[in-house]
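Step one of this worksheet: look at the structure below.
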Amino acid sequence: MGKLTAICISEKKGTQKAEIPEARLIEDFGIEGDAHAGKWHRQVSLLSLEKIEEFKRRGAEITYGAFGENLIIEGYDFRTLPVGTIVHVGEAVLEITQIGKECHSHCAIYKTMGDCIMPREGVFSVVKQGGWIRPGDPVEVILPDKDRPFTAAVITLSDRAASGEYEDKSGPLICEILKKDGYRVIETMILPDGEQPLKTQLMRLADQRQVNVIFTTGGTGFSMRDVTPEATAAVCDRMAPGIAEAMRYYSLQITPRAMLSRQTAGIRKQTLIVNLPGSPKACREDLDFILPSLRHGLGILRGTDTD
């Protein structure tokens with residue numbers, strides 16, 4: 001059992017958070033009065049008291065809220081908890097949605113100390129149940145249910161769709177199929193063709209959001225801008241060639257042009273990444289073929305199934 005040490009908010013983004021004596025958490029929104037509350041996956045940030053104290057022992061003169069954290073909690077190392085963990089704080093219930101964050105512009109602490117713990121030690125959550133919280137409230141952590149739905153993200157790669165010249169039909173179709181099959185689609189996006197933006201998003205979704213499976217659509221052909229397989233291979237720790245081979249084999253029974261698809265699949269940490277073609281029809285055919293077998297592999301990656 002842990003304990004809530006402090007609550008911090010900022011009324012404007014870009015300003016340091018300040019400690020407050022109590023707060024009301026609003027379901028699916030965040031802390032009332034906090035500038036970072038809203039309809040997104042980073043409504044409330046959490047940081048371990050022990051990590052702050054350890055940082056202070058290095059000579060840092062900091063106050064609560066200096067790292068941009070909302071809740072300082074004693075008794076848990078949040079960095080070690082998986083996404084999906086439930087956190088009971090006072091009357092409220094939170095669900096961890098992201099571990100760590102990318103630091104786009106170094107804060108004042110980093111400029112003084114040469115380091116900041118929030119990007120690697122802080123976690124983010126959504127409010128599942130609202131209520132009042134106060135320093136001293138007990139905090140209880142419940143690990144995710146092993147039978148919880150798998151999470152998915154869908155990324156469309158298309159210069160024309162990203163510029164608004166073309167309607168993305170493959171991405172929404174993939175989401176529809178996944179939801180009917182019981183997946184929780186937690187993020188969708190459209191990116192222009194190219195390696196770096198895709199690599200950045202694949203790493204973020206795998207490392208910080210710990211998505212079980214990421215499906216890309218588009219960028220698997222012969223065009224010079226079709227580099228989705230290269231971006232995928234660059235971020236993966238291990239490749240899963242059987243998935244791409246199986247999809248090509250199945251598609252070859254429908255059209256000989258399937259031999260021209262360069263789609264691949266691989267694993268980054270505990271996330272599977274699968275390239276699908278750009279055609280909605282081909283996406284449906286491939287998903288209908290691989291989804292029944294995919295669950296076992298995802299369960300092994302998540303640690304809830306065995307070989």
Side-chain angles (χ1 to χ4, degrees), residues 2-81 83 85-139 141 204 208-209:
K3 184 176 70 174
L4 178 61
T5 300
I7 308 165
C8 303
I9 66 169
S10 56
E11 295 182 359
K12 294 182 179 180
K13 291 184 178 180
T15 61
Q16 182 173 318
K17 295 187 185 300
E19 195 173 351
I20 58 174
E22 62 180 6
R24 185 169 77 95
L25 271 65
I26 302 171
E27 184 176 330
D28 195 27
F29 186 75
I31 299 177
E32 186 176 39
D34 183 52
H36 291 85
K39 296 284 186 177
W40 67 324
H41 70 279
R42 286 167 45 183
Q43 295 170 356
V44 180
S45 58
L46 297 82
L47 189 60
S48 300
L49 173 66
E50 290 81 359
K51 300 297 182 181
I52 297 175
E53 294 300 324
E54 179 183 322
F55 194 79
K56 289 171 68 175
R57 285 194 288 271
R58 294 163 53 185
E61 296 182 5
I62 51 177
T63 58
Y64 291 148
F67 295 105
E69 74 279 15
N70 288 125
L71 306 183
I72 298 103
I73 294 174
E74 178 183 1
Y76 291 108
D77 182 355
F78 288 103
R79 188 66 176 80
T80 65
L81 299 175
V83 165
T85 296
I86 299 298
V87 182
H88 290 259
V89 185
E91 297 177 351
V93 179
L94 309 175
E95 180 182 344
I96 293 178
T97 55
Q98 180 173 310
I99 307 295
K101 61 174 288 191
E102 184 178 357
C103 184
H104 297 285
S105 58
H106 291 315
C107 62
I109 295 174
Y110 186 96
K111 292 173 182 176
T112 301
M113 298 293 296
D115 188 23
C116 177
I117 60 174
M118 193 64 185
R120 63 176 181 272
E121 302 292 351
V123 305
F124 299 86
S125 65
V126 295
V127 181
K128 303 296 289 184
Q129 176 183 302
W132 285 94
I133 59 172
R134 298 171 180 85
D137 281 346
V139 177
V141 161
R204 179 185 67 83
Q208 297 176 8
R209 300 221 63 190

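Everything numeric here is computed off the predicted structure, so don't read it as measured data.
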Within the distance-only criterion (no hydrogens, no angle test), does the side chain of [X] pair as donor or acceptor with the backbone N or O of [Y] below 3.5 angstrom?
X   : Y    : value
E32 : A23  : no
S45 : N70  : yes
E91 : G130 : no
E74 : Y76  : no
E69 : F67  : yes
T97 : H41  : yes

Legend entry - Partner residues of R134 under the side-chain hydrogen bond (donor to acceptor under 3.5 Å, both in side chains) criterion, sequence neighbours left out: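 Checked R134 against side-chain hydrogen bond (donor to acceptor under 3.5 Å, both in side chains); matches are E22.
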Could you tell me which non-hydrogen atom of [X] sits nearest to which non-hydrogen atom of [Y], and how far apart they are?
X   : Y    : result
I72 : C8   : CD1-SG, 3.8 Å
K51 : E121 : CE-OE1, 3.4 Å
G30 : A37  : CA-CB, 4.0 Å
A6  : P135 : CA-CG, 4.4 Å

In the structure I gave you, are the side-chain heavy atoms of [X] and [Y] within less than 4.5 Å of one another anywhere?
X    : Y    : answer
E50  : E53  : no
S125 : V87  : no
R209 : V83  : no
L71  : V139 : no

Inset, instruction - May I have the step-by-step check of side chain to side chain contact (heavy atoms under 4.5 Å, CB included) for V89 and L25, ending in yes or no? - result: CA-CA 10 Å; V89 185; L25 271 65; over 6 Å; no
Atom pair [atom1] ([X]) and [atom2] ([Y]), whose distance is rounded to the nearest 0.5 Å:
X   : Y    : atom1 : atom2 : value
F55 : M118 : CZ    : CE    : 13.0 Å
K17 : I31  : NZ    : CD1   : 7.5 Å
K56 : T63  : NZ    : OG1   : 9.0 Å
I52 : I62  : CD1   : CD1   : 6.0 Å
L46 : L81  : CG    : CG    : 10.0 Å

Legend entry - Enclosure of E11 CD (heavy-atom neighbours >12, cutoff 6.0 Å): no
Inset, instruction - Report the residue from I99, T80, V123, I96 that forms a side-chain contact (heavy atoms from CB on, under 4.5 Å) with T85. - result: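 Of all the options given, the one that passes is I96.
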Inset, instruction - Please say which of R42, Q208, H36 ends up in a side-chain contact (heavy atoms from CB on, under 4.5 Å) with F124. - result: R42
Inset, instruction - Test side chain to side chain contact (heavy atoms under 4.5 Å, CB included) on D34 and S10 and set out the steps. - result: CA-CA 5 Å; D34 183 52; S10 56; 3.8 Å; yes
Legend entry - Distance-only side-chain donor-acceptor flag, Q43 / D28, under 3.5 Å: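 Their side chains do contain a donor-acceptor pair, which is all the 3.5 Å distance test asks for.
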Inset, instruction - Please test Y64 against L49 for side chain to side chain contact (heavy atoms under 4.5 Å, CB included), starting from the C-alpha separation and ending with a verdict. - result: CA-CA 9 Å; Y64 291 148; L49 173 66; 3.5 Å; yes
